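Have a look at the structure below, then the notes.
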Amino acid sequence: MGEGFIILKGLRKEFGELVAVEDLELEVEEGEFLCFLGPSGCGKTTTLRMVAGLEIPTAGDIFLRGERINDLPPQRRNVGFVFQNYALFWHMTVHDNLAFGLMVRRAPRSEIEREVGEMARWLELEDLLETKASRLDLSAMQRVALGRTLVTRPQVLLLDEPLNNFRPALREIMRGELKRLQKQLGSTMIYVTHDQEEAMTMGDRILVMSAGRKVQLATPRELYRQPNSLFVAGFIGRPPMNLLEVTYAREGDRAFLRKGELAWDVTLLRHAIEGGLRGEKAVLGVRPEHVLPVEEAERRGLKDTVVTGKVDLVQPLARKKIVDLFIDDTLIKMVVSSDFPVAKDDQVEVVFHPQETHLFDKETERAIYNGLS
Ligand code: ATP
């Protein structure tokens, strides 16, 4: 990786007793679309506000293009940002809000009109161009806030849940459009969201945060395939990964993960497991799409422990169905094709795809391995 375009070093923010962001290290590449993802209150917005200059770090440094910018006021950082409190020019019309950034730059009138018109079309604001910002509904305010920033085509863009109040269909469209625009402009973007689907579809990389800390920084594919912790495993993927508490046991020169009557032979992985396990308690993880009907596992030549579950619920989707199964008293979900015959109270035999299971230490919650291959 090259020198980071935006670098955060030991970044920390305290609000009185509360540590909102704790010693964050991060390098954002030039032209990258980076998402901050995590539950409400984990410090995403506070981090973004520090990069924008709206919040002063308690400790640590922020570099942009190689320059330390801690002491620069927001307007001199040369970044475009859209935060949740839209701070529009309330007495001005939508048109003038959108035009403002270009007028400040003294862009020619014809260019301003063209850009504002294009942005208004794009964000479905055409009918509102002459409306005062103070009279807009929440969704329109958010669209104006986004348009007002994008119209200046900033090279660094900081966006805090910018599509929150969009109607669902427009939100879908705008995800793709924003990503296209970002690549077209070559902008470096940090995009805050608590929606994993949004982060997974838009981000080149994703920073997963929890309680003010970095948990994992990786591509969407890596987060899905190689979650470094139970937190990431549970946060990424819908329906979420199934997690079963198991006990690790050596028996002679063989090794097993046990849950009640069930046993998975993990002899080949015993060194990895013993290297990562604190005690004997572990959590076995398998995504619903990797819980396979036994016939399918056999067809694909995947041999492993056969688990019998009782069907509790079947939810049909367009081309798949989600099946809830009870294995003893543990509920797990599997995703199967819609033509797989299954009904409530059926007994179903399944195999956890042996190359797609994950193991975590129960105590530290860290991943021990991802995939048995
Ligand atoms: P959300 O999506 O809800 O905005 P977030 O991950 O962006 O969540 P932050 O808004 O960064 O989280 O907040 C992190 C923590 O800091 C929270 O506990 C929040 O209550 C606290 N916090 C944020 N701003 C302030 C402030 N100005 N004064 C005091 N506490 C604050």
Side-chain angles (χ1 to χ4, degrees), residues 6-26 28 32-62 64 69-71 73-74 77 79-88 138-139 141-143 145-146 149 156-166 168 171 174-175 178 188-203 205-218 220 223 227-238 240 365:
I6 302 171
I7 300 180
L8 311 183
K9 278 199 175 144
L11 199 64
R12 183 179 181 88
K13 180 67 186 179
E14 297 169 6
F15 294 108
E17 300 276 283
L18 181 94
V19 182
V21 177
E22 199 165 345
D23 307 327
L24 189 62
E25 303 281 332
L26 179 67
V28 189
E32 182 172 27
F33 194 127
L34 184 80
C35 289
F36 287 178
L37 175 68
S40 186
C42 72
K44 309 180 293 294
T45 297
T46 304
T47 306
L48 203 69
R49 286 174 61 84
M50 287 193 278
V51 178
L54 301 174
E55 210 71 75
I56 298 168
T58 310
D61 291 314
I62 305 169
L64 177 62
I69 58 166
N70 283 48
D71 306 317
R77 294 190 179 198
V79 302
F81 48 81
V82 179
F83 282 92
Q84 302 246 1
N85 52 344
Y86 308 121
L88 301 176
L138 215 55
S139 162
M141 282 181 201
Q142 192 171 33
R143 285 178 280 143
L146 186 59
T149 303
V156 179
L157 254 171
L158 310 175
L159 302 180
D160 190 358
E161 312 239 13
L163 308 182
N164 251 9
N165 294 306
F166 284 42
R171 188 176 170 144
M174 285 306 296
R175 283 182 185 166
L178 259 182
T188 306
M189 178 115 108
I190 305 181
Y191 186 104
V192 163
T193 179
H194 65 272
D195 178 341
Q196 60 106 19
E197 192 185 305
E198 195 160 280
M200 293 292 275
T201 51
M202 295 177 86
R205 287 191 303 166
I206 299 171
L207 173 74
V208 181
M209 296 180 71
S210 167
R213 290 174 162 271
K214 163 159 86 179
V215 183
Q216 188 168 7
L217 172 64
L223 288 181
N228 68 359
S229 56
L230 270 177
F231 181 81
V232 176
F235 205 76
I236 301 288
R238 289 288 173 276
E365 302 197 347

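Both ligands and their constituent atoms are indexed starting at 1 by order of listing. Each residue takes its place number in the sequence, starting with 1. All values derive from a computational prediction rather than experimental measurement.
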- Identify the closest protein heavy atom to atom 5 (P) of ligand 1: which residue and atom is it, and at what distance? G41 N, 3.4 Å
- What is the nearest protein non-hydrogen atom to atom 10 (O) of ligand 1, stated with its residue, atom name and distance? T45 CB, 3.6 Å
- Just checking, is any N or O donor in the side chain of R143 or S139 under 3.5 Å from an acceptor N or O on the other one? yes
- Task: Do me a favour and list the nearest non-hydrogen protein atom to atom 3 (O) of ligand 1 with residue, atom name and distance?
- Result: S40 OG, 2.6 Å
- Message: Please classify the V21 to ligand 1 contact at 4.0 Å (heavy-atom distances, strictly less than): side chain, backbone, both or neither.
- Response: neither
- Message: Between R12 (side chain only) and V19 (backbone N and O only), is there a donor and an acceptor less than 3.5 Å apart?
- Response: no
- Ring centroid separation F36 to Y191 under 6.0 Å: no
- Message: Within the 4.5 Å heavy-atom criterion, are V232 and E365 side-chain neighbours or not?
- Response: no
- Message: Is G38 close enough to touch ligand 1? Criterion: a residue heavy atom under 4.0 Å from a ligand atom.
- Response: no
- Any idea which protein heavy atom is nearest atom 2 (O) of ligand 1, and the distance to it? K44 NZ, 3.4 Å
- Task: Determine yes or no for a side-chain-to-main-chain donor-acceptor pair under 3.5 angstrom, with K214 supplying the side chain and D23 the backbone.
- Result: no
- For atom 28 (N) of ligand 1, the closest protein heavy atom turns out to be F15 CD2, 3.4 Å
- Message: With the threshold set at under 4.0 angstrom, would you say G212 reaches ligand 1 through any of its heavy atoms?
- Response: no
- Where is the nearest protein heavy atom to atom 20 (O) of ligand 1: which residue, which atom, and how far? L18 CD2, 4.7 Å
- Does any N or O in the side chain of Q216 come within less than 3.5 Å of the main-chain N or O of N228, such that one atom is a donor and the other an acceptor? yes
- Enumerate the atoms of ligand 1 whose separation from the nearest heavy atom of P39 is less than 4.0 angstrom. 6 (O)
- Task: Using a strict 4.0 Å cut-off to heavy atoms of C42, name the atoms of ligand 1 that fall inside it.
- Result: 5 (P), 6 (O), 12 (O)
- Task: Can you confirm whether something in the protein, heavy atoms only, sits under 4.0 Å from atom 22 (N) of ligand 1?
- Result: yes
- Is it true that a side-chain atom of T193 and a backbone atom of L37 form a donor plus acceptor pair closer than 3.5 Å? no
- Message: Assess whether a salt bridge exists between E197 and R175, defined as any Lys/Arg side-chain N lying under 4.0 Å from an Asp/Glu carboxylate O.
- Response: yes
- Nearest protein heavy-atom contact for atom 13 (O) of ligand 1: which residue, which atom, what distance? T46 OG1, 3.7 Å
- Sidechain-backbone polar pair: T201 side chain, E198 backbone, donor-acceptor under 3.5 Å: yes
